[in-house]
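Reading through the structure tokens given below for one structure.
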Amino acid sequence: MRFTLPPVLTPLPSSFYERSTLALAQALLGQLLVHETPEGRMVGKIVETEAYIGPYDKAAHSYNDRRTKRTEVMYGPAGVSYIYLIYGMYECLNVTASQEGKPHAILIRALEPIEGLALMQKNRPKARTLTALTSGPGRLTQALGITRELNGHELRRPPLYLAQGTHTPLPQHQIARGPRIGIHYAQEARHFPWRFWIKDHPFVSKVKHEPREPLR
DNA sequence: CCAAAGATCGTCT
DNA sequence: GACGATCTTTGGA
């Protein structure tokens, strides 16, 4: 580890979430996701996000006001976890956004591991490279041990919360944006540039990178 | 009740 | 680049 985090991290306040969904998707870049478990604390820096803006976004679970048991937390206040199972196998973590009644959410797509690397590896024995540990929405939840049990959790207290990153907010020139991943079915919405990532960051998912160091 | 599809990932060719 | 794993959610009969 290149640097050490303080033993106590302070959760971001609720005011952090009070901004437009697209602004929040960018503000989340560089912030820390913290999961405290009996086995230890794991911390990752958020490097990639995607916004889902319910009512008029065909890629969103809440499109066309599809209010169901699953999407219920999207309709609540901002700063709450929305965690669902995808493809019968992987959990995806979102942060709810916008005001109550507006079903917006931001998918966390990739992290850079900051603390608890050994525990993450234990949680994800299939990862053969360092980036395969947390680069992808299904990968990062597995690495940090985040499951649907934490759905609906307010992300301002243990065991799962967000904390301020060291160089945030990031300067605009370090932020890239483009179409979202894996939503080919969403017709016109698949072109919306609602995916954000830290430019040239090696942990961003689904892009060509330099060859990886093997992870033993 | 049943069928279909999915905000993914690892493995194999 | 293709394919299968795996199971919940959803919508329609």
Side-chain angles (χ1 to χ4, degrees), chain A residues 21-22 24-26 28-29 33 44 46-75 78 80-98 102-111 113 120-152 155 176-197 202-209 211-216:
Chain A
T21 301
L22 291 178
L24 182 59
Q26 296 172 76
L28 284 169
L29 295 175
L33 177 67
I46 298 172
V47 302
E48 182 183 354
T49 61
E50 279 177 0
Y52 288 84
I53 305 187
Y56 54 95
D57 177 5
K58 286 181 180 162
H61 294 159
S62 52
Y63 170 64
N64 206 13
D65 273 323
R66 193 168 285 140
R67 190 166 188 158
T68 66
K69 190 172 177 185
R70 181 176 66 157
T71 61
E72 187 59 29
V73 294
M74 287 182 78
Y75 287 82
V80 175
S81 68
Y82 167 46
I83 305 172
Y84 65 91
L85 183 72
I86 186 65
Y87 296 112
M89 269 178 274
Y90 302 101
E91 321 262 348
C92 287
L93 169 67
N94 296 252
V95 177
T96 61
S98 192
K102 297 189 174 180
H104 301 193
I106 296 159
L107 173 67
I108 308 300
R109 281 200 60 91
L111 302 174
M120 293 183 200
Q121 286 185 57
K122 186 181 163 198
N123 290 340
R124 251 181 74 66
K126 289 202 169 159
R128 307 269 279 273
T129 61
L130 181 58
T131 48
L133 210 50
T134 51
S135 139
R139 290 167 165 181
L140 70 90
T141 52
Q142 208 170 54
L144 271 66
I146 297 166
T147 70
R148 282 165 293 163
E149 285 183 22
L150 286 163
N151 184 46
L155 294 166
R177 71 185 291 178
R180 294 168 292 176
I181 303 288
I183 54 158
H184 51 83
Y185 57 86
Q187 302 171 44
E188 80 281 353
R190 70 183 165 164
H191 305 297
F192 297 173
W194 290 353
R195 174 183 181 225
F196 300 91
W197 66 94
F203 283 84
V204 170
S205 70
K206 301 271 184 182
V207 293
K208 301 269 186 192
H209 294 286
R212 307 302 194 193
E213 286 294 312
L215 189 64
R216 29 181 226 94

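Residue numbering restarts at 1 for every chain, and letters A, B, ... go by the order of the sequence lines. No experiment lies behind these values; they were computed from the predicted model shown. Side chains included, hydrogens not; waters and symmetry mates left out as well; all remaining heavy atoms used.
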Compare every heavy atom of A/Leu140 with every heavy atom of A/Ala110, then report the nearest pair and how far apart it is. N-CD2, 3.6 Å
With sequence neighbours excluded, tell me which residues meet side-chain hydrogen bond (donor to acceptor under 3.5 Å, both in side chains) with A/Thr71. A/Thr68
What pattern of brackets, bars and dots sums up DNA chain B from 5' to 3', given Watson-Crick or G-U wobble pairs under 3.5 Å, [ ] for crossing pairs and | for another strand? ||||||.|||||.
Write down the atom of A/Ile106, the atom of A/Thr21, and the distance for their closest heavy-atom approach. CD1-O, 3.7 Å
Give the minimum heavy-atom separation between A/Leu111 and A/Thr134, together with the two atoms involved. O-OG1, 2.7 Å
Considering non-hydrogen atoms only, spot the tightest contact between A/Arg180 and A/Ala51 and give its length. NH1-O, 3.0 Å
Scan nucleotides 5-13 of chain B nucleotide by nucleotide, 5' to 3', and note B when protein non-hydrogen atoms come under 4.0 Å of the base, S if they reach only the sugar-phosphate, - if neither. -BBBSSS--
May I ask you to say what A/Arg190 touches in the nucleic acid, namely base, sugar-phosphate or nothing, with a heavy-atom cut-off under 4.0 Å? nothing
Check A/Ser81 against A/Val73 and note the closest heavy-atom contact, atom names and distance. O-CG2, 3.9 Å
Please tell me if the side chains of A/Trp194 and A/Leu107 come closer than 4.5 Å, counting only heavy atoms from C-beta onward. no
Taking all non-hydrogen atoms of both residues into account, name the closest pair between A/Gly54 and A/Ser62 and its distance. CA-OG, 3.1 Å
